[in-house]
Amino acid sequence: MSRQDGIAARILDEVAELSRDTAGVTREAYGPGEERAMQAIERHADGLGLVHERDRFQNLWLRLPEDSRTAPPVVIGSHLDSVPQGGNFDGLAGVLAGLLVLDRLRGRADSAPPLRVLALRGEESAWYGKAYTGSLALLGRLPAGALALRHRSGNGTLGEAMARSGVDVDAVSRGEALLAPGEIAAYLELHIEQGPVMVARGWPSAVVTGIRGNIRHTRIRCLGEAGHSGAVPRWLRRDAVLAVAELLSGMDEHWRVLLQMGVDLVMTAGICTTAAESHAVSVIPGEVAFSFEIRSQDPETLERFYGLFQESCRQIAAARGVTFAFDAPLHTAPAAMDEGWIARIEAAGRARGTPVERIPSGAGHDAAVFAGAGIPAGMVFVRNANGSHNPHEAMERGDLLDGVALLLGALTGEAA
């Protein structure tokens with residue numbers, strides 16, 4: 001086992017044990033699990049002789065002690081929170097990668113631009129319904145109203161949890177930025193791929209071209225009419241289940257055709273349910289609640305497919321005698337990664353003799369916040385089996401080190 005492999009193993013194992021849940025790990029945003037992970041990173045930074053400090057919003061910064069340059073640094077960052085009963089590598093791998101890059105630059109910091117590593121708070125939306133709270137707050141872009149968002153349990157708010165964690169909540173509510181776009185040269189992030197493409201293709205690491213934006217409804221209600229299953233003929237039925245089934249089947253066919261045309265698009269209805277209290281084999285369902293989400297790197301594709309979805313709802317409502325009641329749509333803009341940093345990462349792959357493939361990110365990341373603020377951003381994905389947001393994430397440490405080598409090569413211009 002190499003030195004860096006040993007460092008990675010110790011940190012991954014310790015943080016997993018500190019946040020172990022009945023299934024997987026739980027590191028709640030601004031909660032005990034996330035805080036224990038922050039403290040573990042601080043302890044290991046001490047052991048490696050790195051300088052660390054927290055900002056007023058309780059994000060953690062690391063640097064080499066000899067790197068006191070004042071020019072805007074490149075920042076390698078990611079988050080330390082997780083979804084409930086999630087996997088150990090989502091977020092943590094990126095912070096660990098930054099720490100390993102610093103370790104590789106020990107004694108030769110000036111071979112790379114000034115470098116800082118950033119462990120962000122609160123990236124996951126699972127806890128308060130708002131993603132990227134740490135990075136948005138850092139850049140003064142977290143809406144003040146977000147502080148009133150309630151915890152998934154219904155108990156407590158985001159602002160209260162931030163305050164318990166030591167965050168200067170008054171500054172957050174004022175939109176005070178701790179970091180202006182011109183104060184960092186670039187933001188880089190390593191992350192596990194959260195889909196199956198890299199495993200299927202046999203890629204240990206890849207360069208991310210962009211982060212898909214999305215349009216989503218968390219709750220749409222299809223309202224029909226309940227009735228006796230044996231007494232109402234088809235032509236008089238207002239069956240909400242069949243209406244939603246027709247809608248989603250039709251949208252799936254549109255999606256298939258667009259994919260054949262080379263359009264970047266994914267579509268998901270992750271929630272689809274009738275009211276449990278009225279479940280019965282002999283009842284025609286009168287109401288279905290479902291979610292609907294589309295993601296693409298292309299804003300025009302998002303708007304066009306969303307328009308197609310709305311028109312399909314109108315047509316099915318008229319044909320089947322149902323109505324669709326929508327909650328407010330949530331929009332997240334796509335984020336393109338910086339072409340210059342994409343080229344640097346690709347050059348790092350060529351320099352070591354293994355070309356790096358390009359891949360889009362379907363999931364959101366803090367890198368999108370920095371890119372949206374006008375900061376050049378780049379991402380490296382590392383291979384990960386069994387998906388993400390579940391206890392079965394399976395990143396190999398060798399793949400992590402492969403991604404670290406890409407970041408190091410992109411920073412120094414050397415084969416790593």
Side-chain angles (χ1 to χ4, degrees), residues 1-9 11-12 74-78 87-106 108-109 111-113 115 117 186-212 264 297 336-363 365 367 371 376-388 393-416:
M1 181 183 293
S2 71
R3 179 177 179 277
Q4 287 225 311
D5 192 20
I7 294 170
I11 293 176
L12 290 171
V74 173
V75 174
I76 298 176
S78 195
N88 192 42
F89 306 124
D90 180 355
L92 173 60
V95 175
L96 174 55
L99 184 150
L100 293 174
V101 170
L102 286 178
D103 183 64
R104 293 280 292 273
L105 288 171
R106 189 185 308 277
R108 60 185 192 103
S111 66
L115 182 64
V117 172
Y187 176 85
L188 306 179
E189 183 168 358
L190 179 145
H191 205 280
I192 57 170
E193 192 204 3
Q194 294 172 279
V197 174
M198 292 174 65
V199 169
R201 297 287 178 85
W203 301 340
S205 56
V207 60
V208 177
T209 54
I211 298 171
R212 288 178 175 135
D264 178 64
Q297 291 188 89
M337 296 296 95
D338 181 75
E339 286 293 338
W341 280 101
I342 291 174
R344 289 188 189 200
I345 294 166
E346 289 177 326
R350 289 193 299 271
R352 67 181 189 185
T354 53
V356 180
E357 300 289 344
R358 294 186 173 204
I359 188 172
S361 174
H365 304 283
M379 283 196 74
V380 167
F381 268 176
V382 294
R383 179 169 47 189
N384 166 65
N386 306 325
S388 182
E393 291 174 358
M395 178 196 72
E396 298 290 337
R397 292 198 304 274
D399 292 342
L400 171 66
L401 296 179
D402 192 75
V404 168
L406 278 181
L407 289 175
L408 185 63
L411 288 164
T412 64
E414 305 168 359

**Study point:** Heavy-atom closest pair, residues Ser2 and Leu401
**Key:** OG-CD1, 4.3 Å
Check your understanding: Between Arg344 and Glu339, is there a side-chain N and carboxylate O pair less than 4.0 Å apart?
Key -> no
Review point. Going by heavy atoms in the side chains, are Arg212 and Ser361 under 4.5 Å from each other?
Key: no
Practice item. Check step by step if side chain to side chain contact (heavy atoms under 4.5 Å, CB included) holds for Leu188 and Val75. Key: CA-CA 6 Å; Leu188 306 179; Val75 174; over 6 Å; no
Review point. Would Asp103 and Arg3 pass as an ion pair if we require N to O under 4.0 Å?
Key: yes
Name the atoms and distances for all side-chain donor-acceptor pairs under 3.5 Å in residues 88-102, with sequence neighbours left out.
unit_1, atom_1, unit_2, atom_2, d
Asn88, OD1, Arg27, NH1, 2.9
Asn88, ND2, Leu12, O, 3.0
Asp90, OD1, His79, NE2, 3.3
Asp90, OD1, His191, NE2, 2.8
Asp90, OD2, Gln194, NE2, 3.3
Asp90, OD2, His389, NE2, 3.2

Revision key, fill the gap. Looking only at heavy atoms, the pair that brings Val208 and Pro360 closest together is CG1-C, 4.5 Å
Review point. Do His365 and Tyr187 have ring centres separated by under 6.0 Å?
Key: no
Check your understanding: Rounded to the nearest 0.5 Å, what separation is found between the CD1 atom of Ile76 and the CG atom of Leu115?
Key -> 4.5 Å
Point to revise | Side chain Asp399, main chain Asp402, donor-acceptor under 3.5 Å | key: no
Exercise for review: Check whether any side-chain heavy atom of Val382 sits under 4.5 Å from a side-chain heavy atom of Met395, and report yes or no.
Suggested key: yes
Practice item. State, to 0.1 Å, how close Gly202 and Pro204 come at their nearest heavy-atom pair, and which atoms those are. Key: O-CD, 3.5 Å
Review point. Does any non-hydrogen side-chain atom of Val74 lie less than 4.5 Å from one of Leu411?
Key: yes
Practice item. Find out whether Phe381 and Ser205 are in side-chain contact, i.e. whether some heavy atom of one side chain is under 4.5 Å from a heavy atom of the other. Key: no
**Study point:** Side chain Glu189, main chain Met379, donor-acceptor under 3.5 Å
**Key:** no
Practice item. Give the intermediate values and the outcome of side chain to side chain contact (heavy atoms under 4.5 Å, CB included) for residues Val197 and Ile359. Key: CA-CA 9 Å; Val197 174; Ile359 188 172; 4.0 Å; yes
Review point. So how far is it from Thr412 OG1 to Leu407 CG, rounded to the nearest 0.5 Å?
Key: 10.5 Å
Review point. If you draw a 6.0 Å radius around CZ in Arg108, do more than 12 non-hydrogen atoms from other residues or ligands fall strictly inside?
Key: yes
Review point. Under 3.5 Å, is there a donor-acceptor pair between the side chain of Asn384 and the main chain of Ile192?
Key: no
Point to revise | Donor-acceptor contact present, side-chain Asn386 to main-chain Ala394, <3.5 Å | key: no
Review point. Which heavy atom of Asp264 sits nearest a heavy atom of Gln297, and at what distance?
Key: OD2-N, 2.7 Å
Practice item. Would you mind reporting whether Glu414 and Ser111 have side-chain heavy atoms less than 4.5 Å apart? Key: yes
Practice item. I would like to know whether Glu346 and Arg358 meet side chain to side chain contact (heavy atoms under 4.5 Å, CB included); could you show each step before the answer? Key: CA-CA 9 Å; Glu346 289 177 326; Arg358 294 186 173 204; 2.6 Å; yes
Check your understanding: If every non-hydrogen atom of Trp341 is compared with every non-hydrogen atom of Ala410, which pair is closest and at what distance?
Key -> CZ3-O, 3.9 Å
Check your understanding: Taking all non-hydrogen atoms of both residues, which atom of Ala371 and which atom of Met337 are closest, and how far apart?
Key -> CB-CE, 4.2 Å
Study note, to complete from the structure: CG (Leu400) and CZ (Arg383) are apart, to the nearest 0.5 Å, by 12.5 Å
